[in-house]
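Accompanying notes for the structure given below.
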Amino acid sequence: MAQISLTFPDGNARSYEAGITAAEVAADISTSLAKKAISATVNDRHWDLQWPIAEDAAIAIHTMKDDDQALELIRHDLAHIMARAVQEIWPDVKVTIGPVIEKGWYYDFDRDEPFTPEDLGEIEKKMKEIINRRDPVTTDVWERERAVKYYEANNEPYKVELVGMIPEDQPIRMYWHGHWQDLCRGPHLQHTGQVPADAFKLMKVAGAYWRGDSDRPMLQRIYGVAFKTRQELKDYLTFLEEAEKRDHRRLGREMELFHFQEEAPGMVFWHPNGWTIYREMQDYMRRKLTRAGYREINTPQVVDRKLWEASGHWDKYRENMYITEIDEEHANEKRINALKPMNCPCHVQIFNQGIKSYRDLPLRLAEFGSCHRYEAHGALHGLMRVRGFTQDDAHIFCTEDQIEEECGRFIQLLSDVYRDAGFSSFDIKLSTRPEVRIGSDEVWDKAEKALEKAILSVRNDYEVDPGEGAFYGPKLDFKLTDAIGREWQCGTFQADFMLPERLDASYIGMDGEKHRPVMLHRAILGSFERFIGILIENYAGKLPFWLAPRQVVVASIVSDADPFVEEVTERLIAAGLRAEADTRNEKINYKVREHSVGKVPVILAIGQKEVADRTVTLRRLGEKQTRVVPLDEVVAALTAEATPPDMAA
RNA sequence: GCCGCAGUAGCUCAGUGGUAGAGCGCACCCUUGGUAAGGGUGAGGUCGGGAGUUCAAUCCUCCCCUGCGGCACCA
């Protein structure tokens with residue numbers, strides 16, 4: 001037998017016979033390691049203990065102490081255990097696939113009857129039973145034909161299809177958990193008893209298309225979460241409760257920010273409090289854009305289909321466009337209009353007015369563009385996905401040579417905005433040329449390089465998504481991370497070589513000839529609606545002072561203080577603050593509680609002492625201690641605090 | 001759009017084949033109380049919409065609408 005050399009993490013190497021398994025290597029080291037081992041890493045690949053090692057390699061044996069590997073295996077084995085439990089209870093159910101996902105796994109089943117919440121409890125019980133059986137996990141590689149025949153005989157058509165999808169050069173690997181069998185690339189644990197029986201939970205049932213294709217059958221998906229310990233599971237469930245508490249739909253109601261109703265699904269009714277946040281954000285953006293050299297414009301809501309046909313949107317997105325009908329009586333000619341689903345074609349119309357010179361470029365046209373898209377019912381989700389929304393949209397008309405400079409300026413602007421909104425980090429993704437595209441390779445080279453260079457001028461890390469660019473140009477997507485670690489894609493920067501062509505935009509170059517400009521589509525917030533939703537969730541409703549809809553409530557402790565409360569409130573309002581007086585016949589405890597629940601950042605309480613001294617007692621949201629401050633001082637301090645971040649000295 | 005679940009007072013939710021209830025909120029009264037709910041009284045509902053079954057439907061059946069969790073989609 002040939003000998004191979006395995007190098008351990010500590011740098012030591014040992015010689016073994018080729019074909020030795022990782023389990024045997026572990027056993028060679030110590031019996032306790034053999035028992036504790038869960039998997040190995042062999043030449044950077046996560047390796048099943050049972051797999052033979054054929055050649056020299058770097059090897060590391062994993063135990064439950066290695067979180068990454070442990071969690072992957074636990075979740076992956078649980079997927080199998082769950083599928084097995086389901087088939088033990090309902091032998092007719094057909095199995096499909098069950099991958100590991102963040103925090104857990106899912107498994108898709110084909111079953112006539114959907115699973116009920118009660119079924120989940122039963123499955124969970126069965127799973128624990130299986131874990132306690134401590135069945136060994138075994139694996140083998142089969143001939144393709146044998147696997148197909150096996151699955152055909154067992155009436156598992158999805159598995160037959162999966163076998164067929166495995167590339168010719170890949171092995172068909174089978175796994176057994178006890179008697180139960182599944183097609184799987186592995187790796188897995190040594191036996192089911194290695195899975196913690198008290199650190200997982202089945203979460204929900206949902207429909208999911210076979211292979212994610214809406215033309216294929218709808219399967220029943222069961223989601224589970226799993227951790228190494230019971231405590232981690234508990235912590236995660238607590239986290240979910242916390243996330244639910246910051247749900248913007250709930251806070252939107254509690255803080256009286258907005259509502260939705262049946263007559264206008266997916267359209268926001270902004271209440272005074274919510275609209276205050278919106279306006280504050282919009283004012284802020286307007287200042288930032290103006291300073292960054294943008295000119296603000298405004299374009300029609302209702303536009304003849306001819307323009308959408310010319311832009312190409314009619315062909316592709318007609319299903320999702322709101323079409324207007326005019327009462328015949330009042331129309332001389334039948335015209336079909338659409339509510340604009342996007343602003344770019346209208347912006348080109350403004351560019352096209354008059355003759356543009358290269359001296360006009362780059363021309364940056366910004367619009368808080370109100371758009372309507374008929375989104376699928378199932379897609380709507382609070383402010384995050386709506387049918388009527390306003391983009392912080394702008395189009396930069398420029399030359400190919402100006403792309404890089406404009407991209408760099410944009411990223412700078414975007415960084416400022418995210419920072420001011422309270423997001424400390426964001427990721428950038430560069431999507432490059434797809435197979436089907438327009439424009440010469442030369443132009444693509446230039447554009448992709450320009451975007452890349454622009455990113456590198458501000459930071460050194462970004463992700464590349466090859467082939468995921470739009471057919472009309474490469475793009476950047478910007479994802480920010482919120483306070484509880486969730487990612488939201490907000491900003492975008494897209495180079496477009498097509499629309500100027502389709503809508504015949506041109507400028508006169510230095511050479512006196514006509515040229516096509518490049519159009520850069522860009523947004524920072526995405527839509528105001530969604531961004532405000534993200535802000536609400538990020539801050540759990542406790543918005544920074546400059547954005548808080550109600551910044552200060554001045555509350556009387558005794559009714560004798562009411563006149564001074566009114567005076568203080570007027571002073572604050574005169575200073576530009578959003579202040580309200582609360583002189584209701586209620587105790588101060590009650591008022592403090594109510595305004596705390598309402599997320600008012602500052603409460604100023606006024607009783608007899610304050611009236612006598614012309615002071616206020618200041619209490620900040622979430623803090624217990626109070627502070628007595630002279631009136632003049634509090635007005636000055638709060639006014640300074642209310643200054644938006646871009647205006648602060 | 002697809003799968004599943006849900007829709008009862010402003011909110012959160014209970015309930016029944018014989019047209020409804022709680023807590024909070026709201027209004028009024030008492031209370032002037034010092035930092036997260038003082039007390040009393042009262043008003044408030046075509047039980048999401050339509051059709052059907054039934055002597056009788058908020059409850060059972062069907063269709064539609066909206067919402068929720070996923071999936072698909074997101075110019």
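Just so you know, these numbers come straight off a predicted model, no measurement behind them. Chain A is the first sequence line, chain B the second, and so forth, proteins listed ahead of strands; every chain is numbered from 1.
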TODO: May I ask which nucleotide in the shown strands pairs with B:rU35, Watson-Crick or G-U wobble, both distances under 3.5 Å?
DONE: none
TODO: Give the nucleotide from the list B:rG38, B:rU66, B:rA75 with an atom nearest to the side chain of A:K587.
DONE: B:rG38
Can you tabulate the close N/O pairs, meaning under 3.5 Å, that link protein atoms to atoms of nucleotides 2-6 of chain B?
{"residue": "B:rC2", "atom": "O4'", "partner": "A:Y209", "partner atom": "OH", "Å": "3.2"}
{"residue": "B:rC3", "atom": "O2", "partner": "A:G207", "partner atom": "N", "Å": "3.3"}

Task: Nucleotide paired to B:rG67 in any strand shown, Watson-Crick or G-U, under 3.5 Å - done: B:rC5
- [ ] Please measure how far the C1' atom in B:rA9 lies from the corresponding atom in B:rG25, and state the result in whole Å.
- [x] 11 Å
- [ ] Kindly say if A:K204 contacts the phosphate of B:rG69, meaning a side-chain N or O under 4.0 Å from OP1 or OP2.
- [x] no
TODO: Could you work out the separation of B:rC71 and B:rG15 based on their P atoms and round it to a whole Å?
DONE: 31 Å
- [ ] Using heavy atoms and a sub-4.0 Å distance, could you list which residues of residues 595-623 of chain A are near RNA chain B? By number, please.
- [x] A:S596, A:V597, A:A605, A:G607, A:Q608, A:K609, A:E610, A:T617, A:R619
Every protein N/O within reach of nucleotides 23-27 of chain B N/O, cut-off under 3.5 Å:
{"residue": "B:rG25", "atom": "OP1", "partner": "A:Y590", "partner atom": "OH", "Å": "3.3"}

Task: Phosphate OP1/OP2 of B:rC68: any A:R250 side-chain N/O under 4.0 Å - done: no
Open item on the list: Taking CD in A:E102 as the centre, count heavy atoms belonging to other residues, nucleotides or ligands within less than 6.0 Å. Is the count above 12?
Closed with: no
Open item on the list: Can you classify the ring geometry of A:F493 versus A:F410 as parallel (below 30°), tilted (30 to 60°) or perpendicular (above 60°)?
Closed with: tilted
TODO: Kindly assign one of parallel, tilted or perpendicular to the pair A:F531 and A:F423, based on the angle between their ring planes and the thresholds 30° and 60°.
DONE: perpendicular
Open item on the list: Could you check, using the six-membered ring where one of them is a Trp, whether A:H259 and A:F269 have ring centers closer than 6.0 angstrom?
Closed with: yes
Open item on the list: Return the pairing partner of B:rA75 with a 3.5 Å limit on both distances, Watson-Crick or G-U wobble; otherwise return none.
Closed with: none
Task: A:A376 side-chain proximity, nearest of B:rA72, B:rG48, B:rA36 - done: B:rA72
Open item on the list: So, OP1 or OP2 of B:rG10: does either fall under 4.0 Å of a side-chain N or O from A:H259?
Closed with: no
TODO: Examine the side chains of A:S556 and A:D562 and answer whether a donor and an acceptor come within less than 3.5 Å of each other.
DONE: yes
TODO: Check if the side chain of A:R385 and the base of B:rC73 share a donor-acceptor pair of N or O atoms closer than 3.5 Å.
DONE: yes
